[in-house]
Amino acid sequence: MDYQFKDIEQKWQQFWADNQTFKAEDKTTKPKYYVLDMFPYPSGAGLHVGHPLGYIASDIFARYKRLKGFNVLHPMGYDSFGLPAEQYAIQTGQHPAVTTEDNIATYRRQLDQIGFSFDWSREVRTSSPDYYKWTQWIFMQLFNSWYNRAADKAESITKLVEHFEKNGSAGVNAVCDEDILSFTADEWKAMSPNTQQEELLKYRLTYLRESTVNWCPALGTVLANDEVKDGFSERGGYPVEQKKMMQWSMRITAYAERLLQGLDTIDWPEPLKEMQRNWIGKSIGASVRFPIEKPAHNLELNAHYIEVFTTRVDTIFGTTFLVIAPEHELVTELTTPGQKADIEAYIAQTKKKSELDRMADAKTVSGTFTGSYVLNPLNNELVPIYIADYVLAGYGTGAVMGVPSGDQRDYLFAKHSNLNIIPILDTQNITTEADPTKEGKYINSDFINGLTYKEATAAVIAKLEEIEAGKAKVNFRMRDAIFGRQRYWGEPVPVYFKEGLPHLISESDLPLLLPEVDKYLPTESGEPPLARAEGWKHPDGEYELSTMPGWAGSSFYWYRYMDAHNDKEFASKEAIAYWKDVDLYIGGSEHATGHLLYSRFWNKFLKDIDLVIEEEPFKKLINQGMIQGRSNFVYRLIDEEGRGTNTFVSHGLIGQYKTSPLHVDVNMVENEVLNINKFKAWREEYKNAEFILENGKYICGVEIEKMSKSKFNVVNPDDLIARYGADTLRMYEMFLGPLEQSKPWNTNGIEGVFKFLRKFWRLFHNDAWVFTLSDAEPTKAELKSLHKIIRKVEEDIERFSFNTSVSSFMIAINELTDLKCNNRRVLQDLVITLSAYAPHICEELWVMLGNEAGTLSYAAYPKFNPAYLVEDEFAYPISINGKTKMNLNISLSLEPKEIEEFVLANADVKKYLDGKQPKKVIVVKGRIVNMVV
RNA sequence: GCUCAGAUGGUGGAACUGGUAGACACGCAGGACUUAAAAUCCUGUUCCCGUUAAAGGAGUGCGGGUUCGAUUCCCGCUCUGAGUACCA
């Protein structure tokens, strides 16, 4: 029979499901290997050809590892809480759980027909109560923990309470809020329970904090920074404003240093590590306190100094002014009556500008004098205090020392405000701009004059510490993560409020189920949708009304797969001890600073409290490239009045007409030629469309864009599978190019892969399509082809070069076809080798070869034998001055000296040398002969 | 602006540690089979010059360098993509 991919693929997908072929074992002597894909959000649009790219790669890898004798865990699930289902609910009233269920069914059907070897018995859904029970449980552990800097790990809050009871707050070195109290043990014990709780909240790893958030009134929710684009919500495009709210936060900053250090221990793409490093944004410098000069208006001040952070403390003698952010808490106090009007006007103007304007407007310099002064702590010079919006309240201390000779922004500000610019290094050139050099010797700098950068930095810090005006300090850009959304479709926070204080619900009450509501919108008074839930009340107080953010459920899911049905723990100790961590993680780089950072954070926390073993969750990570869409356009002719007509101009002729481009469905276009009949049938309005053709064809325009429904450039895997089968699709997606590279989708080459599989099938059959094999000894040539591909696939998979092994398979099949090979032993090994890529056809042939159904996935990968590839001759390229002129077959047993003699004696070589004696002959054994003339 | 990645035929791409540039596939051209089409098979296909299938020459974004030899290493630049940004 000819290659009937439809029957074969359906048959084996059914078989795998019925027999749970890919169920991973928890008790086995085999070594473990954990291959994980980033689980998808099940959107309503279903899968397009870009989605499975990473899944196919990981599936090939998982299947390959099984053949190599590993116990492979390769699970799949759904990150099923999220905004789209909720938006749909708001519009239609359909419960997000129903929408999600439908979408998952579509995803599952599409995934199944690609033939993945997932262990579906471990499926997880973040929106299912038996899953989010554990998300809530981990939240509770975070609430019950604090970060002990002395131990450099998270510890139980009860340990902190014990310390307070014994020693008061003395000797506690915690990552915590800034406004913690100092108290003795007796004072602690004298506090009311509520006061104690209030104090403890400042230490907990998840805590309440007033934060400025991106509030979107139209969506009725808070958005993350990456959900806001240009001041509008990414989804829906509604305006977003800044608003202060009490929010749950996660003290991820406690882990900043460990998150940074850990990057050096994991095998991740360098660009992605770099993104995380930038995000964490460690900078090493010093904090310096500038004492405030008693102001002219003679009022009593609460503050006595302004603290700044600087990475160039060595430049302190170049300070000619101080700048604080307009939002800085001391602004009002520092403003003298004479400057009050100016300052208020400036603040008002700043407020009007959105965050984005402020960034885009980086070139314009502005700022206003407060009227007050500080003293330079090292030389007591009077330094004026300004406010300016180039200083950000949210970074460092919200105040900087202005050193115009060394910092370009300070330079511009000094020019703008007519302030002094003092050179501080003898090498500095500051005639037109600041010079941030560290070379040279210091000048105008008191006791560091003549020193080098390194010496000066050390000397200044030593002096500042001596006079208690500053110290060396490390600053991080990363902020604590807000952990709450005012929306419905997420995990309820397992907390109730009593007398204004948060309390955890009892562990036995988990999961705290998401209640039913009549509408999915915020209440009229602006409370989150959960406020609509009738009778949803804790016996002792009011439940928290916000839900957890999207990243909560995905921050530990890889552990849940290890023991997906455990209702006592999120995963058992034994399961975690066996599976430990993810060996290979494949997913998109868009999660670089979100999911991949939060997951590392939670993992480190779970390790601190001894629930997991590894410090890092994902040992090796690969980012698959984005598959872009290839949009096609038709060009509508515009008439003299500027109105669109029903005539369309072919792409090559649009220069001669006035036209406007329109997206056209890519499924009506083949090789840029529009199928005119399909186009006319596409929409009623095009029924009578007319065309201006070139060479009798309508040629469409092309552009590379994101794949999206609205651009009509979505290529659906279902159509391709119907036409060519899953094995072809799998191999073609790999054949497209390197996995990590982004590329536009193009179906043009898929025929080549399909032909390849048919050719492979034909090897096992005679001309009449009857399965016919020979049991003879394999020939030398057959074994050579086979072992070449055995080695190649091994090498390629280990370095994730899937595209090159597909090419090599084609070469092997071409060679074996030429050899008319139908040798059972050769072909059986070939079936195993190819099975990771094209599992269905291989399963079918495996059974036809007389093997037991379903055993292929656990067969042994053929052992490579180098003996079959040994050559005794090599066609040496003979080059003259580096240009290849000819090839000569020379025995590989010859040594370089003998090769040189042999080559020089050759008649053709003599002809090329034209009687001349080469100056030098380079012979690299087994590679090349080069003669220098 | 900064950081990172990349640039190879008409197209997707290959060349792993410097050693025959263009594997494999698409497309295209020609041919075989066929009444015809589809399917299949065969041949050719980097460019220029040119011929009987010769012989040359150029060539991996651009300009230099190191080397017997560079797509690969070094320096400078151009362009493309991604991330990020008054971060003190």
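Nothing here was measured: the structure is a model prediction, and the numbers come from that model. To find a chain, count down the sequence lines: A is the first, B the second, and so on, and within it residues start at 1.
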Expressed in whole Å, how much space separates the [atom1] atoms belonging to [N] and [M]?
N	M	atom1	value
B:rU52	B:rU46	C1'	24 Å
B:rA38	B:rU34	C1'	10 Å
B:rC68	B:rG18	C1'	12 Å
B:rA7	B:rG57	P	29 Å
B:rC75	B:rA23	P	32 Å
B:rG22	B:rC74	C1'	26 Å
B:rU11	B:rG65	P	30 Å
B:rC24	B:rG13	C1'	9 Å

- Task: Find the distance between CG (A:Leu259) and NZ (A:Lys282) and round it off to the nearest 0.5 Å.
- Result: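 Here the rounded value is 12.0 Å.
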- Message: Any donor-acceptor pair under 3.5 Å linking the side-chain atoms of A:Asn713 with those of A:Ser631?
- Response: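 Yes, a side-chain donor-acceptor pair sits under 3.5 Å.
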- State whether a side-chain donor-acceptor pair under 3.5 Å links A:Tyr598 with A:Thr593.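 There is no such pair (donor and acceptor under 3.5 Å, judged by atom type) between the side chains of A:Tyr598 and A:Thr593.
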Starting at [atom1] of [X] and ending at [atom2] of [N], how long is that distance when rounded to a whole Å?
X	N	atom1	atom2	answer
A:Lys755	B:rC24	NZ	P	14 Å
A:Glu270	B:rA82	CD	P	21 Å
A:Tyr732	B:rG13	OH	C1'	11 Å
A:Ile280	B:rC87	CD1	P	19 Å
A:Met931	B:rG69	CE	P	15 Å
A:Met810	B:rA14	CE	C1'	13 Å
A:Glu795	B:rA14	CD	P	16 Å
A:Glu433	B:rG1	CD	C1'	12 Å

Heavy atoms only, 4.0 Å cut-off, all strands: where does [X] land among base, sugar-phosphate and nothing?
X	value
A:Leu736	sugar-phosphate
A:Ser807	base
A:Lys282	nothing
A:Pro744	nothing
A:Asn803	sugar-phosphate
A:Val924	base

- Task: Compare every heavy atom of A:Ala592 with every heavy atom of A:Leu272, then report the nearest pair and how far apart it is.
- Result: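 Between these two residues, the closest heavy atoms are CG-CB, 4.0 Å.
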- Item | Short N-O contact, A:Lys273 and A:Asp267, less than 4.0 angstrom |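 Here A:Lys273 does not pair with A:Asp267 in a salt bridge, since their nearest N and O are not under 4.0 Å apart.
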- Item | Check ion pair A:Glu794-A:Arg791 (N to O, under 4.0 angstrom) |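 No, A:Glu794 and A:Arg791 are not salt-bridged.
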From [options], pick the nucleotide closest to the side chain of [X]?
X	options	value
A:Ser283	B:rC68, B:rA88, B:rG12	B:rA88
A:Lys920	B:rC68, B:rU40, B:rA14	B:rC68
A:Arg762	B:rU40, B:rC26, B:rG13	B:rU40
A:Pro738	B:rG13, B:rA88, B:rA39	B:rG13
A:Leu392	B:rA14, B:rA88, B:rU20	B:rA88
A:Met275	B:rU20, B:rC68, B:rG83	B:rG83
A:Arg477	B:rU84, B:rA14, B:rU3	B:rU84

Any strand: nucleotide that pairs with [N] via Watson-Crick or wobble, under 3.5 Å:
N	answer
B:rA5	B:rU80
B:rU60	none
B:rU67	none
B:rC24	B:rG12
B:rU40	B:rA32

For [N], take OP1 and OP2 only and decide whether either is under 4.0 Å from a side-chain N or O of [X].
X	N	answer
A:Gln408	B:rA88	no
A:Arg409	B:rC87	yes
A:Tyr876	B:rU20	no
A:Asn475	B:rC87	no

- Message: Does A:Asn930 contact B:rC68 through a side-chain donor or acceptor facing the base, at a distance under 3.5 Å?
- Response: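 Side chain to base: pair present.
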- Message: With hydrogens left out and only the distance checked, is there a donor-acceptor pair under 3.5 Å joining A:Asp389's side chain and the base of B:rC86?
- Response: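 A donor-acceptor contact between them is present.
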- Is the glycosidic torsion of B:rG9 within 90° of 0, making it syn, or is it anti?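 Because its glycosidic torsion lies within 90° of 0, B:rG9 adopts the syn conformation.
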- Item | Residue among A:Thr310, A:Asp314, A:Thr315 satisfying side-chain hydrogen bond (donor to acceptor under 3.5 Å, both in side chains) with A:Arg312 |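 Output: one option passes, namely A:Asp314.
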- Item | Sub-4.5 Å side-chain heavy-atom contact between A:Lys792 and A:Phe809 |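 Side chain of A:Lys792 against side chain of A:Phe809, heavy atoms only: no contact under 4.5 Å found.
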- Task: For A:Gln741 and for A:Ile750, locate the closest nucleotide of RNA chain B by heavy-atom distance; then report the residue assigned to the nucleotide nearer the 5' terminus.
- Result: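 Nearest nucleotide further toward 5': that of A:Gln741.
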- Which residue lies more 5' along RNA chain B, comparing A:Glu274 with A:Asn814 via nearest heavy atoms: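 Final value for this comparison: A:Glu274.
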- Task: Quick one: sort the A:Tyr3 and A:Phe754 rings into parallel, tilted or perpendicular, breaks at 30° and 60°.
- Result: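 Geometry flag for A:Phe754 against A:Tyr3: tilted rings.
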